[in-house]
Amino acid sequence: MNPRKMKDKIHWLGAVDWDRRLFDALVPLPDGTSYNAYLIEGDDKTVLVDTVDPPMKHILLNQLEKVPKLDYLISHHAEQDHSGTIPAVLEKYPQAQVIASKKAKGMLVDHLKVPEDRFKIVEDSETVSLGGKTLEFIYTPWVHWPETMVTYLREDKILFSCDFFGSHIATSDLFVRDEGRVYEAAKRYFAEIMLPFRAIIAKNLEKLSSYDISMIAPSHGQIYDRPAFILDAYRDWVLDSPKNLVALPYVSMHDSTKIMVDHLVSALTERGVGVEQYNLPVTDIGKLAITLVDAATIILGTPTVLAGPHPVAAQAAFLANALKPKARYLSIIGSYGWGGKTVEVLSRMIPNLKVEVLDPVLCKGLPDSEDLKRLEKLADAVSSKHTEHKFESPVKRSFSHAPHGTSH
Ligand code: FEO
């Protein structure tokens, strides 16, 4: 794709990765992604904001063919999908300097062997003038690495935010048009990499609240020309309080656990508790991660295999522990053949979860009427905890945004 004009002397560059389906060999990308770079031309100096993932460097280099001079290259974040093409860009422009935080410099030297003498280190709130355009660098650590920062272009009120506010969507739209679609993709991205750091991300949001932002240009997905939409979404996602929602990931081998899941979901629903159930062997873990942004309770369903939880359920427990979700309550349900230590093994796997454990419901073989009654008691306990804390329903988004006048 050719460079696309956003505003006078500001262009989108980068690559749309329509085919990518996995990130970090872990995170599903059902809609592909993009690696956005931006070119800003001042009266005196020209700057490139971020680069692209190395397999797509030829696309960025082609786009730069008509750019005779580059003074600066901003690296917001050292991860390869944004900084991996820095060495190639520096080779093309021997005079260009990399603008980065001190922490980012260390990482770029370690990971990409960027020469030490090519850097211009900037402090938090430092500014650089391009001539008629002023860049202000704002440190926003842990979005989602420790070195991350964003850039505010004062005269145009544009925030270049890298991963912050990004979404994995491959599309020909330059600006956000379908907010419902972007909401889900951005929430998935937040869940997968930022959820564990939400307390510091809340502080970063607070820091940005003093800036007059008319546009947010992330380095994945489309540009927000109505930034209130994504800022409001993030303010909700970083809240400490969870929602009236149960995340119920499960696996079942011979349907006994599945029968228990179905009965429990029905009982929870009758009591006004929302549930998202995930049959793990066929689940997109990104969807489960989205639910973990909101869920007040996690209930894991697993049969007993080799005296412990099914390995697929153990993997889900590992993921939940790593994401450190907001959940306040946890329980385990499932069926066993003759014995085992499923509850003990799973309990040891989730030290990061600060949860009250509600009585697990395990049954031998097929669940009988007494087992089903115990599941109803579990539903009562969940419902009463959610009611006691007045947990609200999750925010739903389903709306579209009229096309932007300059989108093309
Ligand atoms: Fe899009 Fe953390 O890189």
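The figures that follow rest on heavy atoms only: side chains count, while hydrogens, waters and symmetry mates do not. Computed from a predicted model, the values in this text were never measured in an experiment. Numbering of ligands and ligand atoms starts at 1, following listing order.
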Output yes if [X] passes the N/O/S-under-2.8 Å test against atom 1 (Fe) of ligand 1; output no otherwise.
{"X": "His82", "answer": "yes"}
{"X": "Asp81", "answer": "yes"}
{"X": "His220", "answer": "yes"}

Query - Minimum-distance N/O/S atom that Asp163 presents toward atom 1 (Fe) of ligand 1 - result: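 It is OD1, the N, O or S atom of Asp163 closest to atom 1 (Fe) of ligand 1.
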Handout entry: Cys162 N/O/S atom closer than 2.8 Å to atom 2 (Fe) of ligand 1
Key =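 No, since none of the N, O or S atoms of Cys162 sits under 2.8 Å from atom 2 (Fe) of ligand 1.
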field: His77 atom NE2 and His144 atom NE2 as seen from atom 2 (Fe) of ligand 1, angle to 10 degrees
entry: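 Value returned, to the nearest 10°, is 90°.
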**Study point:** Under-4.0 Å salt bridge between Lys105 and Glu147
**Key:**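 Salt bridge absent between Lys105 and Glu147.
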Give, for atom [atom1] of [X] and atom [atom2] of [Y], the distance between the pair rounded to the nearest 0.5 Å.
{"X": "Ile74", "Y": "Thr151", "atom1": "CD1", "atom2": "OG1", "answer": "4.0 Å"}
{"X": "Tyr250", "Y": "Asp262", "atom1": "OH", "atom2": "CG", "answer": "6.5 Å"}
{"X": "Lys377", "Y": "Leu358", "atom1": "NZ", "atom2": "CG", "answer": "13.0 Å"}
{"X": "Tyr329", "Y": "Leu378", "atom1": "OH", "atom2": "CG", "answer": "13.0 Å"}

>> Only N/O/S atoms count here: what is the atom of Glu79 closest to atom 2 (Fe) of ligand 1 called?
In response: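 For Glu79, the N, O or S atom at the smallest distance from atom 2 (Fe) of ligand 1 is OE1.
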### Message
Regarding Glu155 and Thr134, do their side chains bring together a donor and an acceptor under 3.5 Å, going by distance alone?
### Response
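Yes, a side-chain donor-acceptor pair sits under 3.5 Å.
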